[in-house]
Peer 1: 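Okay, handing you the structure first.
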Amino acid sequence: MKDQLRLAIKAALQQCYADNSLVSGEFLDEIQLEIPKNPDHGDFSTNLALALAKPERKAPRKIAETLIAALQGNPLCDRIEIAGPGFINFRLAATCWYAVLDQITAQGDQYGRSKIGAGTKIQVEFVSANPTGPLHIGHGRGAVVGDAVAAVLQAAGFEVQREYYVNDAGNQILTLGRSILLRLRELQGEAIEFPEDGYQAPYIIDLAVKYRAEQGELVGVSEAEAIESCARFGVAEVLKWIEVDLQSFGIHFDSWYSEKSLYDQGLVDEELIKLKEKGLSFEEDGALWLRTTEFGDDKDRVLIKSDGSYTYFASDVAYHMEKFDRGFNRVIDVWGADHHGYIPRMKAMLAGLGHPPEALEVLLIQMVNLLRDGKPYIMGKRSGNFITLKEVIDEVGRDACRFFFLMRRCDSQLDFDLELAKQQSSDNPVYYVQYAHARVCSINRNAAESGMELLPSDVVDYSRLELPEELALVKQLARFPETVVGAALSYEPHRIIFYLQDLAAQFHSYYNRQRVLVDDPITSRARLALVNSVRTVLANALQLLGLSAPERM
RNA sequence: GCGCCAGUAGCUCAGUUGGAUAGAGCAACGGACUUCUAAUCCGUAGGCCGAGGGUUCGAAUCCUUCCUGGCGCGCCA
């Protein structure tokens, strides 16, 4: 709809240049067309005349008049007028809008999907929590946002892969192994002293118990081998928990990528050699450094520590280069905001190795402040004082939990009060949206009972939809595809949430004001077609965000 | 000290990337169930868009200086 109008305007502009009624020849790549807040200003509005005022050196309103003359007689438009300083407002013919209903009916669950992404390959890496303990609520936000960003990109025609990076190498894994081993010895009757820096949470004991049951007792192996064995066992077990939790949250990964495998394949050393060859790394104080300051970082960063072990950064270099080797045009990392200081070195590394820094997009998810009865709930893995994601989902419900995490822009902090979330579960906004869907389904049941079925759109008389609120609903439905595109290109899935709330509000209002099933069958059928288009769009949007669309509530 | 994010109604937040009279939910107040599901609707009230300066036809939005809150600034992960 919008695009058709944009083309018409472009043609008109061309015509004006051709007959010299406008002279600058200036072309704006993107003619701005927006939907005015005030419906009195028409269905669409452009500031084109204002923007051309300078190059044309003419009053905006004069330019607008010329353009309108060229647009006269266009079948799309019912009325075109000049307003304010030189806005051109378009009111589209009602018949144009009815075409949207045909489109929705024809496309069904595909309505809202587009090909803007044109198959561009994007990887979204998210969650990637260390496999040393169960997921907590902070991971939940990143998980839902990452999943929704991926979904929205897919809907916009990008080819998307969801990946979980498994940090199964490094110190924290050794700590996990040591902690399990100590608990194991404890189970075997040894007196142990649990160190401050070990993982003290109770689940470590569960792991030890399971280890003992499945692997037997550790005898005749060195300390290092014992730790390694416990660590591998622990990682595998914890990853199973994580996968189950994510599944119950409706999140599925296409790929689980092991950090350890980067070392095993020698990819880390390979990249380090490349960096050395490019003269980007240097040795100092017995460590190997990357000269990230050359690309805008505030200090150089260590790749290999003076004790010979690798930093996280070293494997991240290899990991991200490997992503591009796999053919992704763009790579999105979803991180907690507390890692934001890490971005400059990553971008510097990419620049150094010949990739445009824009190819990596880091989405920072601000903290979730977990509250219980209004009081902050301090969490720490080591202390074992945390609430797992699973517990939260069980308490609040999957749909409500996902909805809650998606309701805000990811760069603003989120207060999550468990008591409040539970209390509100009956008037939570997610139910408001789902209820709209259930209501349409209910109307359908009633229609079927009275022998009225949904007819093919070519026999529905849409001209019966002449009430302003009916036209407004259709216009809202027409905005769905561009909302999805906007959400995808800006990585802002919350836009879909707000769209859903708007659409549901309009529907509920219509429902209360007008009956769908009235005495006149022609009108009933037209209204039935309308509300079923609403149902389709609600269902598509809910599905996109991993939310259910119940038929009864 | 430096950097990132935020500051919009009493509270929680949107604001289509610079447009016309700044919006919604909750809370408050007043109404609507004999009617397709009241988990709904209708109405009232609520604002110096943190503060100052700048850019232009036009600023909540852009540039700048401050103020407040959160988070970072390791040869930790």
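When reading the values below, keep in mind they use all heavy atoms of this one structure, side chains included, and skip hydrogens, waters and symmetry mates. All of these numbers come straight from a predicted model, not from anything done at the bench. Here is how names work: the chains are called A, B, and so on, in the same order as the sequence lines, proteins then strands, and each is numbered from 1.
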Peer 1: Could you work out which one of C76(B), C36(B), A39(B) sits closest to the side chain of N171(A)?
Peer 2: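 It is C76(B).
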Peer 1: Can you find a donor-acceptor N/O pair under 3.5 angstrom joining the side chain of H340(A) to the base of G3(B)?
Peer 2: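 Donor-acceptor pair under 3.5 Å: yes.
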Peer 1: Examine the base of C41(B) for any acceptor or donor lying under 3.5 Å from a partner atom in the side chain of S509(A), and report the outcome as yes or no.
Peer 2: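 No, the side chain and the base share no sub-3.5 Å donor-acceptor pair.
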Peer 1: Measure from the side chain of K37(A), starting at C-beta and using heavy atoms only, and say which of U35(B), C4(B), U16(B) lies closest.
Peer 2: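 Closest nucleotide to the K37(A) side chain: U16(B).
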Peer 1: Tell me whether the rings of Y511(A) and F507(A) are parallel (<30°), tilted (30 to 60°) or perpendicular (>60°).
Peer 2: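 Tilted.
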Peer 1: To the side chain of E492(A), which of A20(B), G15(B), C75(B) is closest?
Peer 2: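 Between A20(B), G15(B), C75(B), the one nearest the side chain of E492(A) would be G15(B).
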Peer 1: Checking all strands, does A436(A) fall into the base, sugar-phosphate, or nothing category for heavy-atom contacts under 4.0 angstrom?
Peer 2: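 No contact.
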Peer 1: Just the rounded figure in Å: distance from P of U16(B) to NZ of K475(A).
Peer 2: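 It works out to 21 Å between those atoms.
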Peer 1: Tell me, yes or no, whether the heavy-atom count around D519(A) atom CG, taken from other residues, nucleotides or ligands under 6.0 Å, exceeds 12.
Peer 2: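 No - once you tally the heavy atoms of other residues, nucleotides and ligands closer than 6.0 Å, there are 12 at most.
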Peer 1: Separation of N38(A) atom CG from U16(B) atom C1', in whole Å?
Peer 2: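 Nearest whole value for this atom pair: 16 Å.
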Peer 1: Please report the distance, rounded to the nearest Å, between CG in L489(A) and C1' in U16(B).
Peer 2: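 It works out to 13 Å between those atoms.
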Peer 1: What distance, rounded to whole Å, do you find between the two P atoms, one in U44(B) and one in G7(B)?
Peer 2: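 Roughly 29 Å separates the two P atoms.
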Peer 1: Parallel, tilted or perpendicular: which one describes the rings of Y342(A) and F313(A), with boundaries at 30° and 60°?
Peer 2: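 Perpendicular: the ring planes of Y342(A) and F313(A) meet at over 60°.
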Peer 1: Of the nucleotides A14(B), C75(B), A77(B), which has the atom closest to the A287(A) side chain?
Peer 2: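 Between A14(B), C75(B), A77(B), the one nearest the side chain of A287(A) would be C75(B).
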Peer 1: G23(B) C1' sits how many Å from Y499(A) OH, rounded?
Peer 2: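 From Y499(A) OH to G23(B) C1': 18 Å.
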Peer 1: To the nearest Å, give me how far apart CG (D338(A)) and P (A77(B)) are.
Peer 2: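 Value for this atom pair: 15 Å.
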Peer 1: RNA chain B in dot-bracket, Watson-Crick or G-U pairs under 3.5 Å, [ ] crossing, | other strand?
Peer 2: (((((((..((((.....[...)))).(((((.......))))).....(((((..]....))))))))))))....
Peer 1: Does OP1 or OP2 of A39(B) have a side-chain N or O of Y431(A) closer than 4.0 Å?
Peer 2: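 For A39(B), OP1/OP2 do not have a side-chain N/O of Y431(A) under 4.0 Å.
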Peer 1: Taking the cut-offs as 6.0 angstrom to the six-membered ring centre and 45 degrees off its axis, would you call R479(A) and Y499(A) a cation-pi pair?
Peer 2: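 No.
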Peer 1: What is the distance from CG of D298(A) to P of G74(B), rounded to the nearest Å?
Peer 2: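 Atom-to-atom, D298(A) to G74(B), this comes out as 10 Å.
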Peer 1: For the pair made of CG in D502(A) and P in U16(B), what is the distance, rounded to whole Å?
Peer 2: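 Spelled out: CG on D502(A) to P on U16(B) is 13 Å.
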Peer 1: Give me the distance, rounded to whole Å, that separates A39(B) from A20(B) when you measure between the P atoms they each carry.
Peer 2: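 Comparing P positions in A39(B) and A20(B) gives a spacing of 37 Å.
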Peer 1: Hey, does S412(A) reach any base, or is it just sugar-phosphate, or nothing, if we go heavy atoms under 4.0 Å?
Peer 2: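 The residue S412(A) makes sugar-phosphate contact but no base contact.
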Peer 1: Any salt bridge linking R445(A) with E449(A)? Criterion: basic side-chain nitrogen under 4.0 Å from a carboxylate oxygen.
Peer 2: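 Not counted as a salt bridge, because no side-chain N and carboxylate O are separated by less than 4.0 Å.
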Peer 1: Could you check whether D316(A) gets within reach of a base, just the sugar-phosphate, or nothing at all, counting any heavy atom under 4.0 Å?
Peer 2: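 Since no nucleic acid heavy atom lies under 4.0 Å of D316(A), the category is nothing.
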Peer 1: Among the nucleotides A14(B), C36(B), A38(B), which one has an atom lying closest to any side-chain atom of L517(A)?
Peer 2: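 Nearest nucleotide to the side chain: C36(B).
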Peer 1: Measure CD/Q501(A) against P/G25(B) and give the value in whole Å, please.
Peer 2: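 Atom CD in Q501(A) sits about 9 Å away from atom P in G25(B).
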